[in-house]
Q: 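Quick one: the structure is below, and I'll ask about it shortly.
Proteins come first, then strands; the chains are lettered A, B, ... in the order of their sequence lines, and each starts at number 1. Because only heavy atoms are used, hydrogens play no part in the values below, and waters and symmetry mates are left out as well, while side chains stay in.
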2 protein chains.
Amino acid sequence: MGIKKRIKKIQATLRRKKIDAVIICQPQNRRYLSGYTAPDHDISESSGVLLIPARRSPLLLTDFRFQIQAEQEAVEMEVVLYPKGLPALLKHLLPERGIKSLAFESHYTLHSTAEKLLILCKALSIALIPMEGLVERMRIIKDESEIDLLRHSVHLNEEVFLEAFSTISPDRTELDIAIAIENSMRMKGAESPSFDTITATGKRSALPHAVPGNVNVLNNQPLMIDMGLILYGYCSDMTRTFVPGRADAQFLKIHRLVRSAQLAAIKKIRAGVNAAAIDKVARQVINDAGYGKYFGHALGHGVGLAVHEGPSLSSRNRKQLRAGMIITVEPGIYLPGWGGVRLENMVVVREDGCELLNRDTTWLDL
Amino acid sequence: MGIKKRIKKIQATLRRKKIDAVIICQPQNRRYLSGYTAPDHDISESSGVLLIPARRSPLLLTDFRFQIQAEQEAVEMEVVLYPKGLPALLKHLLPERGIKSLAFESHYTLHSTAEKLLILCKALSIALIPMEGLVERMRIIKDESEIDLLRHSVHLNEEVFLEAFSTISPDRTELDIAIAIENSMRMKGAESPSFDTITATGKRSALPHAVPGNVNVLNNQPLMIDMGLILYGYCSDMTRTFVPGRADAQFLKIHRLVRSAQLAAIKKIRAGVNAAAIDKVARQVINDAGYGKYFGHALGHGVGLAVHEGPSLSSRNRKQLRAGMIITVEPGIYLPGWGGVRLENMVVVREDGCELLNRDTTWLDL
């Protein structure tokens with residue numbers, strides 16, 4: 001679906017809800033609806049917003065620093081600058097365009113910003129309407145061209161992993177492996193990592209969100225690598241856990257258990273199944289082996305323009321999976337004082353099952 | 001000022017305002033008041049919050065994934081987990097601790113989160129009070145131990161720059177220079193870059209926020225490098241613009257103009273002077289030479305645990321500078337179709353002037 005079609009869909013929703021316009025500020029939503037790729041340095045330092053009226057052409061509002069990039073990338077819309085800040089521009093623009101009701105993204109607008117917007121809208125007799133998930137509901141289902149981009153992202157991520165994998169030895173530290181991985185991602189054309197690379201050796205692999213340290217990789221102990229990149233906007237996310245040197249019986253046991261939980265879940269994924277039911281399938285395998293309390297997180301999450309997006313594969317998500325969703329399947333077992341094993345792949349939900357996006361199976365089946 | 005003293009200061013403010021407790025969620029504020037270093041992956045994916053009661057010990061509330069790190073780092077406070085999410089924990093914790101009024105950080109809380117918090121507080125008959133800048137007002141003044149950390153961060157950043165600088169040639173691309181810089185930061189002990197490194201060659205240097213591309217550095221044309229790192233939590237931020245090969249008369253003219261604007265501003269910085277007046281001094285130098293309209297951004301900003309924080313050195317900030325503030329001084333001239341020059345140093349505001357944190361003057365005075 002091209003950008004024009006996406007905008008039309010949003011406009012149709014606005015008309016159905018009798019809302020005159022919406023402000024889109026969430027960076028991935030902004031990119032999805034415009035092609036403008038600038039990230040926000042921070043939620044309080046916006047690189048711009050889209051103003052999408054229900055019945056007129058959309059605008060990209062930004063400042064001086066991003067003008068050239070905005071004009072080059074957001075080819076479907078007019079770029080308007082706000083030299084005195086966004087509120088000052090909106091004060092003129094909203095009445096000028098006849099906007100009497102304005103929606104904003106409640107889940108990506110700061111409370112303090114919403115308060116200022118409210119004061120502005122009151123003064124202009126404009127109804128201000130908080131909205132959640134307007135664009136995310138579209139983004140959650142990927143079309144084939146998006147799936148293709150996600151596939152490329154996964155494959156490039158695997159290529160980077162395999163290259164790094166071949167150089168791992170006890171001479172290397174967690175930190176320099178992580179740096180080499182992120183390096184290689186960018187040299188191979190990724191925009192950036194999709195999150196901070198995790199490399200955790202030995203006991204440290206029991207911290208699901210370990211920060212790579214200046215510590216050497218331990219021989220004969222688990223090494224967990226969780227890595228992802230952004231390619232043409234689309235994210236990948238993959239975890240491998242393996243043993244440099246020789247894996248002992250305990251590692252093999254835990255690894256095989258995590259892998260069978262993963263395979264059991266993948267086997268059940270298809271359109272129409274509840275997300276919670278998939279989480280349960282994997283959890284059951286780990287529970288049955290007596291390790292249930294060491295699997296403390298959800299089974300997976302959606303991936304797209306954001307590395308973490310809907311749907312969540314957790315016991316709390318009772319919604320059905322739908323064809324075109326892309327999700328991670330990442331069971332893990334974390335034993336304090338010993339270490340952890342997590343294995344993560346990405347799949348596309350299809351009508352009759354699911355399609356694995358990963359090609360590489362290095363160290364998955366021991 | 002140690003963490004205990006900082007907490008006591010916050011608690012004194014709460015008592016003065018007759019507020020029973022505050023929730024601190026902004027990552028740098030959280031770190032400042034606890035020592036807990038985890039960043040947030042995203043504002044919607046919090047690594048935890050502090051609950052600081054006015055009269056009792058503070059708590060760090062987080063989830064399973066961060067437990068070990070939280071306990072290791074936030075040694076002054078109890079760590080409490082929220083396996084079912086923060087609202088579920090607060091529902092019990094707030095009444096249990098006798099909290100009848102609760103402040104939250106309006107400038108780092110999503111509108112949708114604030115709405116949920118409001119519903120929770122209403123149900124518990126707790127007054128919910130939006131607050132802005134409670135911790136930032138403390139952070140804006142650095143004590144000598146913080147200034148020392150900032151100095152180290154600046155010096156390490158300079159070391160990285162000089163190393164990169166010595167390898168620059170037309171064989172290199174913007175992208176690989178940026179990667180080498182970020183690499184070197186981390187190998188030398190930085191936690192991470194403090195923002196995405198900017199390397200922009202030729203005309204591209206006219207984009208103040210250029211993204212490094214796969215383009216070779218041009219001989220005899222401007223190369224702008226804007227870089228910073230985080231060391232022990234504290235940020236540096238520095239820009240240099242120079243010419244690989246031979247600088248022409250136009251470059252020398254623009255560079256000298258920007259440098260004299262910078263020096264004029266630095267000369268005027270001292271406690272008690274208005275921020276806007278400093279911006280004006282630099283702008284005047286550039287205006288007088290006829291380039292005013294090519295200097296489209298503010299002169300500088302505060303730096304500390306965040307790379308962009310208060311005070312802003314802009315025409316809109318009428319507040320007085322105070323001793324212990326740390327600010328960048330970064331005038332720039334951007335000529336579309338030709339390129340740009342920006343020079344950025346960091347200074348500490350002192351009672352009788354300012355102290356330059358930068359040591360390196362490579363290519364500053366041509």
Side-chain angles (χ1 to χ4, degrees), chain A residues 26 37-39 41-45 47 63-69 83-85 104-115 117 130-133 175-176 178-180 182-187 189 191-192 195-196 204 206-212 214 296-297 306-308 316 334 336, chain B residues 26 37-39 41-45 47 63-69 81 83-85 104-115 117 130-132 175-176 178-180 182-187 189 191-192 195-196 204 206-212 214 296-297 306-308 316 334 336:
Chain A
Q26 201 283 338
T37 65
H41 173 72
D42 188 282
I43 190 172
S44 58
E45 293 188 47
S47 306
D63 72 53
F64 157 79
R65 297 168 301 164
F66 301 101
Q67 180 178 9
I68 298 176
Q69 185 181 358
K84 289 176 187 167
F104 72 99
E105 294 184 287
S106 172
H107 59 295
Y108 199 80
T109 300
L110 294 171
H111 178 265
S112 56
T113 307
E115 291 293 300
L117 207 50
M131 259 193 164
E132 283 192 61
L175 186 62
D176 82 69
I179 292 174
E182 297 188 358
N183 232 336
S184 161
M185 287 173 177
R186 301 223 279 174
M187 293 310 289
E191 290 169 30
S192 70
F195 56 91
D196 291 341
R204 293 167 50 83
L207 284 77
H209 276 230
V211 176
N214 239 319
H297 57 72
V307 69
H308 291 163
R316 287 190 257 173
Y334 310 91
Chain B
Q26 201 282 340
T37 65
H41 174 71
D42 189 282
I43 190 173
S44 58
E45 292 189 46
S47 306
D63 72 53
F64 158 79
R65 296 168 301 163
F66 301 101
Q67 181 178 7
I68 298 176
Q69 184 181 358
L81 299 188
K84 289 175 187 166
F104 72 99
E105 295 184 286
S106 173
H107 58 297
Y108 199 80
T109 300
L110 294 171
H111 178 265
S112 56
T113 307
E115 292 292 300
L117 206 51
M131 259 192 165
E132 282 192 61
L175 185 61
D176 81 69
I179 291 174
E182 297 189 358
N183 232 336
S184 162
M185 288 174 177
R186 301 224 280 175
M187 292 310 288
E191 291 169 30
S192 69
F195 57 91
D196 291 342
R204 292 167 50 83
L207 285 76
H209 276 230
V211 175
N214 239 320
H297 56 72
V307 68
H308 291 162
R316 286 191 257 173
Y334 311 92

Q: Relative to chain B, which segment of A:E182 carries a heavy atom at a distance below 4.5 Å: side chain, backbone, both, or neither?
A: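 It is the side chain, since no backbone atom gets that close.
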Q: So which part of B:H107 gets closer than 4.5 Å to some heavy atom of chain A, the side chain, the backbone, both or neither?
A: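 It is both, since atoms from each part get that close.
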Q: For A:E105, enumerate each residue passing the salt bridge (Lys or Arg N to Asp or Glu O under 4.0 Å) test, keeping only those at least two apart in sequence or located in another chain.
A: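 A:E105 satisfies salt bridge (Lys or Arg N to Asp or Glu O under 4.0 Å) with no residue once adjacent residues are dropped.
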Q: So how far is it from A:I179 CD1 to B:I179 CD1, rounded to the nearest 0.5 Å?
A: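 One gets 12.5 Å once the value is rounded to the nearest 0.5 Å.
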Q: Need one label for A:L207: side chain, backbone, both or neither, based on atoms under 4.5 Å from any heavy atom in chain B.
A: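 For A:L207, the side chain is the part near chain B, not the backbone.
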Q: Against chain B, work out which of A:P39, A:G296, A:A114, A:P336 has the most heavy-atom pairs shorter than 4.5 Å and name it.
A: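 Of the candidates given, the most pairs with chain B belong to A:G296.
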Q: In terms of heavy-atom pairs under 4.5 Å with chain A, which of B:E45, B:E132, B:Q67 leads?
A: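 Highest number of pairs under 4.5 Å: B:E45.
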Q: Can you tell which of A:Q69, A:R65, A:E191 has the highest number of heavy-atom pairs within less than 4.5 Å of chain B?
A: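 With the most close heavy-atom pairs to chain B, the winner is A:R65.
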Q: Taking all non-hydrogen atoms of both residues into account, name the closest pair between A:H297 and B:F64 and its distance.
A: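 Distance-wise, the nearest heavy atoms are N-CE2, 4.3 Å.
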Q: Side chain, backbone, both or neither: which part of B:P83 has a heavy atom under 4.5 Å from chain A?
A: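 Interface part for B:P83: backbone (N, CA, C, O).
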Q: With heavy-atom distances below 4.5 Å as the criterion, would you say the side chains of A:D42 and B:H308 are in contact?
A: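 A side-chain contact is absent here, since even the closest heavy-atom pair is not under 4.5 Å.
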Q: Kindly give the heavy-atom pair with the smallest separation between A:R186 and B:L175, and that separation in Å.
A: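 Scanning both residues, the minimum pair turns out to be O-CD2, 3.7 Å.
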Q: Under a 4.5 Å heavy-atom cut-off, does chain A meet the side chain of B:E115, its backbone, both or neither?
A: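 For B:E115, no heavy atom lies under 4.5 Å from chain A.
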Q: Is it the backbone or the side chain of B:Y108 that comes under 4.5 Å from a heavy atom of chain A, or both, or neither?
A: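 For B:Y108, backbone and side chain are both near chain A.
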Q: How long is the span from the CZ atom in A:R204 to the CD1 atom in B:I68, to the nearest 0.5 Å?
A: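 With rounding to 0.5 Å, CZ (A:R204) is 10.5 Å from CD1 (B:I68).
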Q: B:F195 versus chain A, heavy atoms under 4.5 Å apart: side chain, backbone, both or neither?
A: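 It is both, since atoms from each part get that close.
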